[in-house]
Amino acid sequence: MAPAPAGLVRALSAAASALEGSADELNRLDGYAGDGDLGITMSEAARAVKDALAASQDQEAAQLLSTCGAGIARKAPSTSGTLVATGFLRAAKAVAGSNGHGVDILEQAFVAALGGIQARGKAAVGDRTLVDGLDAVCTSLRESLQAGRGLGEALHFAAAAASGATDKTVDMEPKVGRASWVPQRAIGHPDAGCAMLAIALTAAAAEVTAAGPGTRPGLIC
Amino acid sequence: MAPAPAGLVRALSAAASALEGSADELNRLDGYAGDGDLGITMSEAARAVKDALAASQDQEAAQLLSTCGAGIARKAPSTSGTLVATGFLRAAKAVAGSNGHGVDILEQAFVAALGGIQARGKAAVGDRTLVDGLDAVCTSLRESLQAGRGLGEALHFAAAAASGATDKTVDMEPKVGRASWVPQRAIGHPDAGCAMLAIALTAAAAEVTAAGPGTRPGLIC
Amino acid sequence: MAMQKIINEPKAFVDEMLEGVLLAHPESLRAAAPRVIVRAGGPRSGKVGIVTGGGSGHLPLFMGYVGFGLADGVAVGDVFASPSSEQILEATRAVDGGAGVLYLYGNYSGDVMNFDLAAELALAEGIETSTVLAGDDVASAPAGAEGRRRGVAGIAFLYKVAGARAESDGSLGEVDAVVQRAAAGLRSMGVALSPCVVPAAGRPTFSLPAGEMEIGMGIHGEPGVRRGALEPAHQIAEQLVDHIVADLPYKAGDEVAVLVNGLGATPREELYVLYRSVHAALAAAAITVRRTWVGEYATSLEMAGASVSVLRLDDELLGLLDAPCDSPFVVKR
Amino acid sequence: MAMQKIINEPKAFVDEMLEGVLLAHPESLRAAAPRVIVRAGGPRSGKVGIVTGGGSGHLPLFMGYVGFGLADGVAVGDVFASPSSEQILEATRAVDGGAGVLYLYGNYSGDVMNFDLAAELALAEGIETSTVLAGDDVASAPAGAEGRRRGVAGIAFLYKVAGARAESDGSLGEVDAVVQRAAAGLRSMGVALSPCVVPAAGRPTFSLPAGEMEIGMGIHGEPGVRRGALEPAHQIAEQLVDHIVADLPYKAGDEVAVLVNGLGATPREELYVLYRSVHAALAAAAITVRRTWVGEYATSLEMAGASVSVLRLDDELLGLLDAPCDSPFVVKR
Ligand SMILES: Nc1ncnc2c1ncn2[C@@H]1O[C@H](COP(=O)(O)OP(=O)(O)O)[C@@H](O)[C@H]1O
Ligand SMILES: Nc1ncnc2c1ncn2[C@@H]1O[C@H](COP(=O)(O)OP(=O)(O)O)[C@@H](O)[C@H]1O
Ligand SMILES: [Mg+2]
Ligand SMILES: [Mg+2]
Ligand SMILES: [Mg+2]
Ligand SMILES: [Mg+2]
């Protein structure tokens with residue numbers, strides 16, 4: 001049993017910190033047409049991730065992702081929290097059953113997460129949710145795989161794709177969740193869940209790039 | 001059956017108007033240590049008096065006072081309203097059973113009112129209530145009687161006595177009613193019920209003096 | 001401050017409220033006269049009638065306690081103002097079942113005078129009455145001057161006791177005696193966190209800056225014993241319990257019923273947070289809580305705050321508290 | 001705006017509230033797991049269990065509906081936040097009497113996901129579940145999109161119906177069917193007059209200037225359909241009833257039960273003033289009110305405002321509404 005790579009631990013930790021630091025911003029975005037609590041929820045989720053990381057010394061990647069998912073499900077059981085937890089749990093399964101090494105396994109993890117989130121939340125691409133962002137991320141990772149990009153570079157491309165998807169939601173009508181109750185009030189602002197994904201991925205990418213030569217490059221194994 | 005004298009009707013009407021006009025002031029005074037509703041109550045009482053006056057054409061004085069008392073009891077059943085109603089009802093009885101003409105019958109009416117109010121409210125002179133004002137008014141009317149003053153003059157002296165009694169309450173501790181729950185908060189302000197009596201009497205006195213030669217001078221009969 | 005109220009003309013507030021109540025609960029309540037509400041079934045012959053009354057703006061007080069196992073009739077005053085003796089007399093006539101009528105209400109001088117007047121008029125008509133005043137607010141007068149204290153939420157326990165004893169066919173003297181005993185062992189104290197607005201006045205009854213509280217404030221906004229910075233729930237609970245326990249005094253080993261009452265705007269959740277510490281403070285004094293009521297039993301329109309009431313129990317009182325009661329506002333099984 | 005709240009540490013609010021509830025009502029409620037509250041008596045073998053849950057801050061929703069003739073267990077979330085699937089699963093296990101478990105809660109995506117997840121886990125353990133969502137708020141999605149509507153105070157009627165049918169030993173399918181029928185004929189709409197403050201946030205959930213109101217606002221402060229000048233009670237009533245009646249549509253001759261619910265700070269008196277006009281508006285549409293509930297059945301902390309819910313009745317539903325129920329928060333005889 002190999003312990004989880006330091007790159008994964010650092011990426012998750014950086015994403016968690018970025019979400020905690022963006023709590024007010026996320027509350028504000030969720031407040032336009034939702035109930036303004038996404039920042040609170042994601043702070044809880046971030047704390048669950050950090051708790052999992054603190055106890056991760058001997059865990060392999062799949063187990064760590066699964067611990068994160070279970071913790072988020074317990075501590076942050078809102079819509080986005082439950083979906084993100086589902087994503088972690090599905091990613092954990094995908095990773096455990098794979099022989100991939102780099103971008104390939106990252107892509108498998110995200111595709112599995114997206115599948116789980118869509119099964120649970122029943123949102124389609126275009127409904128103006130974090131599914132839009134995840135879908136763009138999966139597409140980007142597939143392209144990076146084909147283009148033979150390295151892990152760090154692929155992560156930057158994925159973060160950019162999530163940001164781009166977030167920008168596109170500004171003009172979209174929400175079709176599911178709280179925001180769908182007053183769809184017109186959402187227009188003109190980006191979807192909060194999508195923005196959350198972009199913030200997390202941007203922080204993860206920056207961290208992995210910044211990781212010095214002493215750290216292992218691999219993210220999953 | 002003689003109809004009520006015009007002087008009585010005008011005096012009561014003037015007192016009622018003065019109380020309506022002082023509603024905010026009375027609420028304010030009652031608010032220092034009471035519940036701040038004396039102005040509301042006295043406005044209701046004033047309306048009851050005006051209703052009684054409007055239907056008074058053929059009533060004699062005792063009946064008019066009794067109608068006022070019943071109306072106040074029905075419309076303004078707070079502490080002060082109930083006491084004032086009791087005063088009117090007792091005054092009506094005193095007036096009906098008397099052969100007085102001027103200051104003598106006025107004195108009898110006020111003594112009866114004071115007796116009824118003390119029987120109902122159980123406040124002694126010095127407890128910082130409208131009983132203090134009424135007691136001073138009774139003393140003043142007795143003096144006016146002995147000094148052979150006319151009705152108008154006696155009323156002015158009575159109003160002055162009520163004002164003087166009100167001033168004295170500023171330094172007194174309340175012993176009964178709402179204000180007794182926080183006696184220290186009343187100190188420095190006059191008792192609201194006492195002030196109410198002074199306002200009513202002052203207006204009545206001014207009105208009786210201002211009444212031209214066309215009006216009958218008698219107040220009660 | 002505009003009035004954030006769901007009302008029509010402020011002057012019509014009380015009468016429209018009454019119309020709504022009668023439309024909503026025709027099977028339970030009826031008007032015996034204007035602003036006089038009695039149980040729909042009419043008086044049960046031989047049962048002691050119970051009449052209460054007081055100002056509006058305190059629901060479920062007073063009207064909410066008209067029902068089976070509670071009171072029989074109520075005289076409804078204007079907001080925060082006494083009903084008239086005429087209304088009280090009408091209620092007395094309507095509930096008289098030949099066994100006499102108990103007057104049970106709060107110790108406010110306007111109410112006392114009007115109930116006393118009604119009692120004289122009722123006696124002249126051959127209806128015997130007896131009076132018990134709730135004067136449970138320890139903040140309103142010192143020990144030794146209990147007779148001057150105002151009545152607050154603790155009266156809910158007295159209705160329960162009185163109504164249960166009357167339903168079990170106690171005589172007027174028996175009902176009076178047990179309610180007097182309950183009243184003698186009943187103490188309350190409250191804290192206000194924000195004022196309310198009387199519709200006809202249109203202004204707050206008092207001003208209390210955000211971040212402050214007033215301990216001992218009365219349910220009409222009568223000034224309390226101390227104003228200061230808002231404290232945590234456990235400190236509020238400890239102060240209220242200290243005042244209450246010191247006053248009777250309750251003894252170690254006593255069994256009590258406790259009521260944590262919301263004044264209007266305070267969420268039920270906060271009342272339970274408060275009760276948690278009330279329970280602990282009583283336990284620290286070796287006083288055992290046998291029954292707990294938490295909710296809105298006596299309000300002051302939309303005032304924020306709460307009060308704590310403690311009733312010393314004996315076997316009879318406990319049994320009467322546990323008897324069923326049923327009004328559109330207060331139900332116990 | 002400081003928080004005028006009787007609390008200790010905001011973070012401890014939900015757990016201290018729960019401690020208070022369990023101290024106050026040990027004969028009625030017990031904790032089956034952290035933040036999982038069930039009836040003290042445990043599951044009755046052969047009876048369908050009913051589990052509900054949702055965010056805190058809405059008392060008596062959701063916990064207050066755990067009792068005889070109502071629900072059996074509740075998963076308690078943070079303020080305005082869903083409980084976890086783990087809590088729901090614990091509640092499910094604790095109330096299972098072998099006849100299956102009904103999930104009855106409000107249509108919020110966080111809650112839906114967690115209840116669905118719990119249902120999958122329960123089924124894996126051999127406990128059959130069935131789900132009915134309250135989605136009664138007509139302001140939250142247009143006709144044709146009923147499935148997207150959020151649940152508000154009308155769920156009180158659904159608990160009553162579900163609980164009564166389960167107590168009379170209906171099968172899971174029978175209980176589910178009658179509650180679905182009730183839910184299909186249930187519509188609500190509300191108006192908010194002031195925001196509330198979530199303790200952990202410390203700020204109002206939204207801002208609403210004095211003198212304004214928001215029609216159709218959700219119970220967590222979700223934006224409504226129209227904001228404007230505060231209107232008289234009768235105009236508010238007419239608008240709410242118009243939206244509700246137009247939506248189902250209720251037909252002339254229909255018989256209904258009506259709930260006028262206070263959101264937290266609005267006095268009971270105002271609810272009755274509102275009901276007076278609701279009754280008139282329904283009568284104008286030739287709809288007969290057979291039962292009326294007025295009070296706080298689903299709150300939003302100290303939010304000011306009210307909602308109106310209308311349930312179309314048939315004989316079975318009327319009978320189930322009239323059956324007794326008994327929880328520390330909701331009692332009907
Ligand atoms: N059915 C869904 N599937 C995927 N994402 C969703 C869905 N519903 C909402 N979301 C996402 O969740 C975000 C809101 O999350 P959150 O604030 O936790 O929800 P809530 O407060 O309503 O429980 C939205 O901005 C959106 O991106
Ligand atoms: N027992 C009493 N006897 C005589 N006057 C009293 C008594 N109690 C109070 N008052 C007078 O009544 C005034 C308050 O009247 P009011 O505001 O109507 O009372 P409340 O609002 O308490 O019913 C006091 O200022 C005092 O003058
Ligand atoms: Mg949200
Ligand atoms: Mg007063
Ligand atoms: Mg008063
Ligand atoms: Mg939320």
Side-chain angles (χ1 to χ4, degrees), chain C residues 1-9 13-14 16-21 23-25 56-57 59-60 64 191 193-194 196 210-211 213 230 232-234 236 260 264-276 279 289 292 294-296 299 301-302 304-306 324 326 328-329 331-333, chain D residues 1-9 13-14 16-21 23-25 56-57 59-60 64 191 193-194 196 210-211 213 230 232-234 236 260 264-276 279 289 292 294-296 299 301-302 304-306 324 326 328-329 331-333:
Chain C
M1 177 167 175
M3 280 199 281
Q4 291 302 88
K5 287 181 183 291
I6 304 178
I7 57 174
N8 298 298
E9 277 304 306
F13 180 62
V14 172
E16 292 185 351
M17 176 271 289
L18 280 177
E19 278 182 45
V21 168
L23 283 168
H25 310 297
S56 291
L59 281 180
V191 60
L193 274 66
S194 82
C196 60
M213 65 176 189
L230 180 57
H234 71 92
I236 294 173
V260 176
T266 290
R268 207 81 69 96
E269 285 82 359
E270 295 178 30
L271 301 182
Y272 280 102
V273 169
L274 185 64
Y275 177 65
R276 173 178 168 275
H279 187 99
V289 181
T292 309
V294 180
E296 295 186 349
T299 64
L301 295 170
E302 68 281 349
D326 187 16
F329 295 77
V331 193
K332 308 271 173 197
R333 295 185 77 219
Chain D
M1 174 169 176
M3 279 199 283
Q4 291 302 89
K5 288 181 183 290
I6 303 177
I7 57 175
N8 298 299
E9 277 304 308
F13 180 62
V14 171
E16 292 186 348
M17 176 271 290
L18 279 176
E19 277 182 46
V21 168
L23 282 169
H25 311 297
S56 291
L59 280 179
V191 60
L193 274 67
S194 81
C196 59
M213 64 176 189
L230 178 57
H234 72 92
I236 294 174
V260 176
T266 290
R268 208 81 69 95
E269 285 82 358
E270 295 179 27
L271 301 181
Y272 280 102
V273 169
L274 185 64
Y275 177 66
R276 173 178 168 273
H279 187 99
V289 181
T292 308
V294 179
E296 294 186 350
T299 63
L301 294 171
E302 68 280 347
D326 187 16
F329 294 78
V331 192
K332 309 270 176 198
R333 295 186 77 219

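Since we're looking at a predicted model, the values are computed, not measured. So you know, we letter chains A, B, ... as the sequences are listed, proteins then strands, and number each from 1. Side chains are part of it too, since the values below use all heavy atoms of this structure and drop only hydrogens, waters and symmetry mates.
- Contact tally against chain C (heavy-atom pairs below 4.5 Å) for D/Ala304, D/Cys196, D/Pro232: the top residue is D/Pro232.
- Between D/Arg276 and C/Asn8 there is a side-chain heavy-atom pair separated by less than 4.5 Å.
- Rounding to the nearest 0.5 Å places CG of C/Leu274 at 11.0 Å from CD of D/Glu16.
- Both the backbone and the side chain of D/Glu296 have a heavy atom closer than 4.5 Å to some heavy atom of chain C.
- Considering only residues two or more places apart in sequence or on other chains, C/Tyr275 meets the side-chain hydrogen bond (donor to acceptor under 3.5 Å, both in side chains) condition with C/His279, C/Thr292.
- Note that the CE atom of D/Met17 and the CG atom of C/Leu271 stand 11.5 Å from one another [nearest 0.5 Å].
- With a 4.5 Å cut-off on non-hydrogen atoms, D/Leu230 touches chain C through its side chain but not through its backbone.
- Heavy-atom pairs under 4.5 Å with chain C peak, among D/Arg333, D/Glu9, D/Lys332, at D/Arg333.
- Here the closest non-hydrogen pair linking D/Arg268 and C/Pro60 is NH2-CD, 4.0 Å.
- Contacts with chain D were tallied for C/Val260, C/Ile236, C/Thr266, C/Val273; C/Val273 has the most, counting heavy-atom pairs under 4.5 Å.
- Between C/Tyr272 and D/His25, the two ring planes are perpendicular [angle over 60°; tilted spans 30° to 60°].
- Looking only at distances, no side-chain donor or acceptor of C/Glu270 sits under 3.5 Å from a matching main-chain atom of D/Lys5.
- In terms of heavy-atom proximity, C/Ala265 sits nearest to D/Glu302 at O-CB, 3.2 Å.
- Not counting sequence neighbours, C/Glu269 has no partner by the salt bridge (Lys or Arg N to Asp or Glu O under 4.0 Å) test.
- Looking at C/Ile6 and D/Val191, their side chains come closer than 4.5 Å, going by heavy atoms from C-beta outward.
- Considering only heavy-atom pairs separated by less than 4.5 Å from chain C, the leading option among D/Pro328, D/Ser56, D/Ala233, D/Pro324 is D/Ala233.
- Looking at D/Leu301, the atoms closer than 4.5 Å to chain C (heavy atoms on both sides) sit in the backbone and in the side chain alike.
- Of the listed residues (D/Gly57, D/Gly64, D/Gly305), the one with the most heavy-atom contacts under 4.5 Å to chain C is D/Gly57.
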